Novice: 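Can you read through this structure? Questions will come right after.
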There are 2 protein chains.
Amino acid sequence: MPSEISAESLSLLKVGDIARRTGKTVRAIHLYEELGLLNPAVRSKGGFRMYRGDGVKRIEWIQKLQDMGFSLTEIKVFLRVWEESATAPKAMATVREIFTDKLRETRETIARLTRLAEELSESLAFLEGCRSCDQGQHQRECGGCGRSDHEVPLLVDGIAKR
Amino acid sequence: MPSEISAESLSLLKVGDIARRTGKTVRAIHLYEELGLLNPAVRSKGGFRMYRGDGVKRIEWIQKLQDMGFSLTEIKVFLRVWEESATAPKAMATVREIFTDKLRETRETIARLTRLAEELSESLAFLEGCRSCDQGQHQRECGGCGRSDHEVPLLVDGIAKR
DNA sequence: TATCACTCTTACGTAAACGTAAGGGTTTGG
DNA sequence: CCAAACCCTTACGTTTACGTAAGAGTGATA
């Protein structure tokens, strides 16, 4: 009877492999382990971290949550909550709660940024008018510029003073 | 002839006053000065920083730019560029450039967050289906859950594995 | 077996925007 | 003139997500 040559040992990935496949650095992956976000499936005899393919998925998941604005610490809490939920529906309920909160937060951020974008547009529109300004005018004389067609936006007004 | 009692000395503000009026801390204002973002108009005989009313405006302007995502260092560059522009139109052109860049960046951020919000919504929709899941099911048995009505979103899939 | 490319652990460094504390002066109202 | 309330400078502390370096062992290949 031929010894069963550990079939999976062939598909195990070293930390560098994982790094290449995810675009992360080895250091980052080490950090995730320190924070309890990802553990290698096993260690080689010599101590090398050996991962399975799903390690890549886990890291992509982490990345996704980071993009959403979760800190690594929050992600850790996330995992712990999940692990400590006795039943699937309960775990799902918790996840739902967290996602719901984040969704609201994300929408608020979008609203805030939208307002800022508008303000930027207005300031830019105002600045367009400065093209027609006397080319020789010194900047210290600007700020007011004699214009009264509309208000000077705060973004422009603030800098010109002093 | 009555000595002209320095009329403005009456309207000068101490750092604490500025702090109260802007909601910033004294430390923050000190920092802004270290970074070259705001200098007191004068110092009292004893060394106290004395500001004029426009100091408040300057801080509000800083706040605005911070909200827009500029770092204090970037704001400093901003001010220097302004001060070093010989002519008003040239200074305005530079400001326009910076604002244009930031506007583009802001819009990109909005787009990214919008996609994330959609992804969150999808994940939440998926999780709604978990309510009907067997109440006694252990979370380890979940993840797949036997459902095949649609794909498990990455946000949900990533956490359930292992 | 000799290499060379990897990996390990340990641990200090970094950038941002302040927080906080220490040890003293300064203003100002009474 | 005194005390409470402020202010000054100096300088180390904090958090986040890694970067970077050192010194040494490991694995796969020639």
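The chains referred to below are lettered A, B, ... by the order of the sequence lines, with proteins before strands, and numbering in each begins at 1. For clarity, every value in this text was computed on a predicted model and none was experimentally measured.
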Novice: Counting heavy atoms from C-beta on, name the nucleotide in D:dT16, C:dT7, C:dT26 closest to the side chain of B:S44.
Specialist: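 Selected nucleotide: C:dT26.
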Novice: Take atom CD of B:Q66 as the centre, draw a 6.0 Å sphere, and report whether it contains more than 12 heavy atoms from other residues, nucleotides or ligands.
Specialist: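 Yes, because the 6.0 Å sphere around CD of B:Q66 holds more than 12 heavy atoms from other groups.
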Novice: Report the residue (B:L31 or A:G16) whose heavy-atom-nearest nucleotide on DNA chain C is the more 5′ of the two.
Specialist: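 Here A:G16 is the residue nearer the 5' end.
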Novice: I need the residues from residues 60-69 of chain A with at least one non-hydrogen atom less than 4.0 Å from DNA chain C; give them sorted by number, or say none.
Specialist: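 Hits under 4.0 Å, by residue number: none.
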Novice: Tell me what B:L72 touches on the nucleic acid: a base, only sugar-phosphate, or nothing, going by heavy atoms under 4.0 Å.
Specialist: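 Sugar-phosphate: the residue B:L72, judged by heavy atoms under 4.0 Å, touches backbone atoms but no base.
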Novice: Nearest whole Å is fine: how far is D:dC8 P from B:N39 CG?
Specialist: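 So the two atoms are 13 Å apart, to the nearest Å.
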Novice: Roughly, in whole Å, what's the span from CD in A:E33 to C1' in C:dT9?
Specialist: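 In whole Å, C:dT9 C1' and A:E33 CD are 12 Å from each other.
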Novice: Only one of A:T73, A:L79, A:L72, A:I75 forms a side chain to side chain contact (heavy atoms under 4.5 Å, CB included) with A:L35, so which one is it?
Specialist: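 Filter result, single survivor: A:L72.
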Novice: Strictly below 4.0 Å, N to O, side chains only: are B:K57 and B:D54 in salt-bridge contact?
Specialist: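 So B:K57 does not pair with B:D54 through a salt bridge.
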Novice: Map A:K45 and B:G47 onto DNA chain D by nearest heavy atom, then report which one ends up closer to the 5' terminus.
Specialist: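 Going by which nucleotide is closer to the 5' end, it is B:G47.
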Novice: Starting from P on C:dT27, measure out to CG on B:D17 and report it in whole angstrom.
Specialist: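 Distance check: B:D17 CG to C:dT27 P gives 14 Å.
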Novice: Nearest to the side chain of A:F48, heavy atoms from C-beta on, is which of D:dT26, C:dT26, D:dT9?
Specialist: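 So the nucleotide nearest the side chain must be D:dT26.
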Novice: Can you tell me if the side-chain N/O atoms of B:Y32 get under 4.0 Å from OP1 or OP2 in C:dA17?
Specialist: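 No, B:Y32 has no side-chain N/O under 4.0 Å of OP1/OP2 on C:dA17.
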Novice: Counting side-chain heavy atoms from C-beta on, which of D:dG19, C:dT26, C:dA16 comes nearest to A:T25?
Specialist: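 Among D:dG19, C:dT26, C:dA16, the one nearest the side chain of A:T25 is D:dG19.
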Novice: Please determine whether a side-chain nitrogen of the Lys or Arg among A:R115 and A:E118 lies less than 4.0 Å from a carboxylate oxygen of the Asp or Glu.
Specialist: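 No.
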Novice: For the pair made of CD in A:E34 and P in D:dT16, what is the distance, rounded to whole Å?
Specialist: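 It is 14 Å, rounded to the nearest whole Å.
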Novice: More than 12 heavy atoms of other residues, nucleotides or ligands under 6.0 Å from CD of B:E33: yes or no?
Specialist: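 It does: B:E33 CD has more than 12 such atoms within range.
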Novice: In whole Å, I'd like the distance from the NZ atom of A:K14 to the C1' atom of C:dC4.
Specialist: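 Atom NZ in A:K14 sits about 12 Å away from atom C1' in C:dC4.
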Novice: Between C:dC18, C:dA16, D:dC18, which one does the side chain of A:A28 approach most closely?
Specialist: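 Comparing C:dC18, C:dA16, D:dC18 against the side chain of A:A28, the answer is D:dC18.
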Novice: Can you tell me how far P of D:dG27 sits from CZ of A:R49, to the nearest Å?
Specialist: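 Nearest whole value for this atom pair: 14 Å.
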Novice: Charged N to carboxylate O under 4.0 angstrom, B:E108 versus B:R104?
Specialist: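 Salt bridge: yes.
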Novice: Calculate the interatomic distance between A:R27 atom CZ and C:dT7 atom C1'; express it in whole Å.
Specialist: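 To the nearest whole Å, that distance equals 14 Å.
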Novice: Send over the distance from A:H30 NE2 to D:dT16 C1', rounded to a whole Å.
Specialist: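 My rounded result for the distance is 19 Å.
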Novice: May I have the step-by-step check of ring pair (Phe, Tyr, Trp, His ring centres under 6.0 Å) for A:F78 and A:F99, ending in yes or no?
Specialist: CA-CA 10 Å; A:F78 209 135; A:F99 279 5; 5.7 Å; yes
Novice: If the cut-off is 4.0 Å, is A:R43 near the phosphate of C:dT9, judged by side-chain N/O to OP1 or OP2?
Specialist: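 Indeed, a polar side-chain atom of A:R43 lies that close.
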